[in-house]
Amino acid sequence: MTTVATPSVKERLLASAQRLFSQSGYHAVSMRAIAKEADANVGSLTYHFGSKASLLREIYMRHTAPMNQRRRELLDEAVRIHDDEERLRFVLRAYVLPAFSMSENSVGGGAEFTRMRAVLSAEGNKDASAIIADSFDETSHAFMRAIADCVPGASKEGLLWCSQFLLGSLYYALINPERITRLSGGEVDGHDRDAAIDALVNASFASFRDLASR
């Protein structure tokens with residue numbers, strides 16, 4: 001008979017905080033609410049994390065560190081390609097693929113973590129903004145440089161906007177795949193990961209290549 005391990009208090013606190021942040025944002029969720037959701041006391045939150053900001057930082061690090069590592073591994077392979085257009089496709093795929101593959105397990109955080117990222121990005125809280133920047137900016141700059149090398153002559157402004165649109169599309173594809181299924185009357189499966197990746201890469205490729213043509 002297999003024994004299922006009971007989550008520790010720390011793990012319960014992390015899971016509860018992520019769930020509440022994804023539903024209500026960072027500012028509206030109190031330490032007391034997190035502790036209650038986790039069936040723990042506020043003192044345990046202070047003991048394990050010290051502050052709400054430190055708790056949020058650990059949530060991000062648990063999910064983003066392995067995802068960023070995989071993105072950099074794939075990016076290192078992509079930039080070796082000589083043809084600009086083929087390299088651009090592989091660079092974009094290196095960015096998109098880990099978000100989907102890791103969303104299927106606890107490492108990538110899944111749809112709940114992605115939803116939390118979207119909510120916190122829109123909220124604009126200072127603590128959350130700093131943590132988001134620390135978690136993603138270094139990797140994002142590496143991808144921006146790689147994309148710029150694929151589209152010589154493209155403006156920095158255009159590259160930034162296209163990157164922003166790619167991120168928004170990625171968020172939405174991960175957290176609301178049901179919309180594709182509903183709008184297509186069931187003809188298109190919004191949960192088809194491979195189809196979603198291909199569609200995102202193709203759409204982003206077209207937008208970035210358009211910058212070069214200008």
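Residues take their numbers from the sequence shown, with the count starting at 1.
We find the CZ-CE distance between Phe113 and Met67 to be 6.0 Å, quoted to the nearest 0.5 Å. Atom-to-atom distance recorded for Ile34:CD1 and Leu14:CG is 9.5 Å, nearest 0.5 angstrom. Atom SG in Cys150 sits 9.0 Å away from atom CZ in Phe205 (nearest 0.5 Å). To the nearest 0.5 Å, atom CG of residue Leu174 and atom OG of residue Ser169 are 10.5 Å apart. Rounding to the nearest 0.5 Å gives a distance of 11.5 Å between CG of Leu97 and CG of Leu200. Between the CD atom in Gln164 and the OG atom in Ser140 there is a gap of 10.0 Å [rounded to 0.5 Å].
With contacts defined as side-chain heavy-atom distances shorter than 4.5 Å, the pair Arg117/Tyr60 qualifies. In this structure the side chain of Arg89 never reaches within 4.5 angstrom of the side chain of Glu86, judged on heavy atoms. Between Arg57 and Phe49 the shortest side-chain heavy-atom distance does not fall below 4.5 Å. Looking at Arg80 and Arg87, their side chains never come closer than 4.5 Å, going by heavy atoms from C-beta outward. Side chains of Leu159 and Glu157 form no contact here, defined as non-hydrogen atoms less than 4.5 Å apart. Side-chain contact check for Pro152 versus Asp84: some heavy-atom pair is nearer than 4.5 Å. Considering only heavy atoms from C-beta on, Val96 comes within 4.5 Å of Leu166 through its side chain. Looking at Arg32 and Lys36, their side chains never come closer than 4.5 Å, going by heavy atoms from C-beta outward.
Side-chain atoms of Ser22 come within 3.5 Å of backbone N or O of Arg19 as a donor-acceptor pair. A donor-acceptor contact shorter than 3.5 Å is absent between the side chain of Ser204 and the backbone of Val201. Panel note: side chain Arg71, backbone Tyr95; a donor-acceptor pair is recorded below 3.5 Å. Ser16 contributes no side-chain N or O that, together with a main-chain N or O of Leu13, makes up a donor-acceptor pair within less than 3.5 Å.
Sparse packing is recorded around CZ of Phe90, with 12 or fewer heavy atoms of other residues, nucleotides or ligands lying under 6.0 Å away. More than 12 heavy-atom neighbours from other residues, nucleotides or ligands sit within 6.0 angstrom of CD on Glu11. For Ile180, the CD1 atom sits in a loose shell: 12 or fewer heavy atoms of surrounding residues, nucleotides or ligands are nearer than 6.0 Å.
Gly124 and Ser129 get closest at one heavy-atom pair: C-OG, 3.8 Å. Leu45 and Ala35 get closest at one heavy-atom pair: CD1-N, 4.1 Å. Here the closest non-hydrogen pair linking Ser135 and Asn68 is O-ND2, 2.7 Å. Residues Phe143 and Val91 approach most closely at CE2-O, 3.3 Å, considering heavy atoms. Of all the heavy atoms in Glu123 and Ala28, the pair that sits closest is OE2-N, 4.3 Å. The two residues Ile197 and Arg93 have their closest heavy-atom pair at CG2-NH1, 3.5 Å.
When Ile59, Leu56, Leu120, Asn125 are each tested for a side-chain contact (heavy atoms from CB on, under 4.5 Å) with Ile131, only one passes: Leu56.
Using a 4.0 Å cut-off between charged nitrogen and carboxylate oxygen, Asp127 and Lys52 do not count as a salt-bridge pair.
In the hydrophobic clustering of this structure, Ile147 groups with Leu75; members are Ile, Leu, Val, Met, Phe, Trp, Tyr whose side-chain heavy atoms approach within less than 4.5 Å, directly or through other members. Clustering ILVMFWY residues whenever any of their side-chain heavy atoms sit less than 4.5 angstrom apart, transitively, puts Phe208 in the very cluster that holds Met144. Val9 and Val29 fall within a single hydrophobic cluster, where Ile, Leu, Val, Met, Phe, Trp and Tyr side chains are chained together by heavy-atom contacts under 4.5 Å. Neither Phe165 nor Tyr172 shares a network with the other; the hydrophobic side chains, linked directly or stepwise wherever heavy atoms of I, L, V, M, F, W or Y lie under 4.5 Å apart, form separate groups for each. Under the 4.5 Å side-chain contact rule for hydrophobic residues, Tyr26 and Met31 share a cluster.
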For this session: Give the C-alpha distance, both sets of side-chain angles, the deciding distance and a yes or no for side chain to side chain donor-acceptor pair (under 3.5 Å) between His48 and Glu58.
Result: CA-CA 11 Å; His48 286 293; Glu58 180 150 350; over 6 Å; no
Do Arg145 and Val79 pass the side chain to side chain contact (heavy atoms under 4.5 Å, CB included) test, and can you show the C-alpha distance, the side-chain angles, and the key distance before you say yes or no? CA-CA 10 Å; Arg145 290 191 295 270; Val79 296; over 6 Å; no
task = Take His191 and Glu178 through the side chain to side chain contact (heavy atoms under 4.5 Å, CB included) test and state the conclusion after the steps.
result = CA-CA 7 Å; His191 292 275; Glu178 295 83 4; 3.6 Å; yes
Exercise. Would Lys156 and Leu160 count as a side chain to side chain contact (heavy atoms under 4.5 Å, CB included) if you check the C-alpha gap in whole Å, the side-chain angles of each, and the deciding distance to 0.1 Å?
Worked result: CA-CA 6 Å; Lys156 185 174 183 179; Leu160 286 168; 4.1 Å; yes
TODO: Under the side chain to side chain contact (heavy atoms under 4.5 Å, CB included) rule, what do Leu88 and Glu85 come out as? Steps first, then yes or no, please.
DONE: CA-CA 5 Å; Leu88 177 58; Glu85 291 196 358; 5.7 Å; no
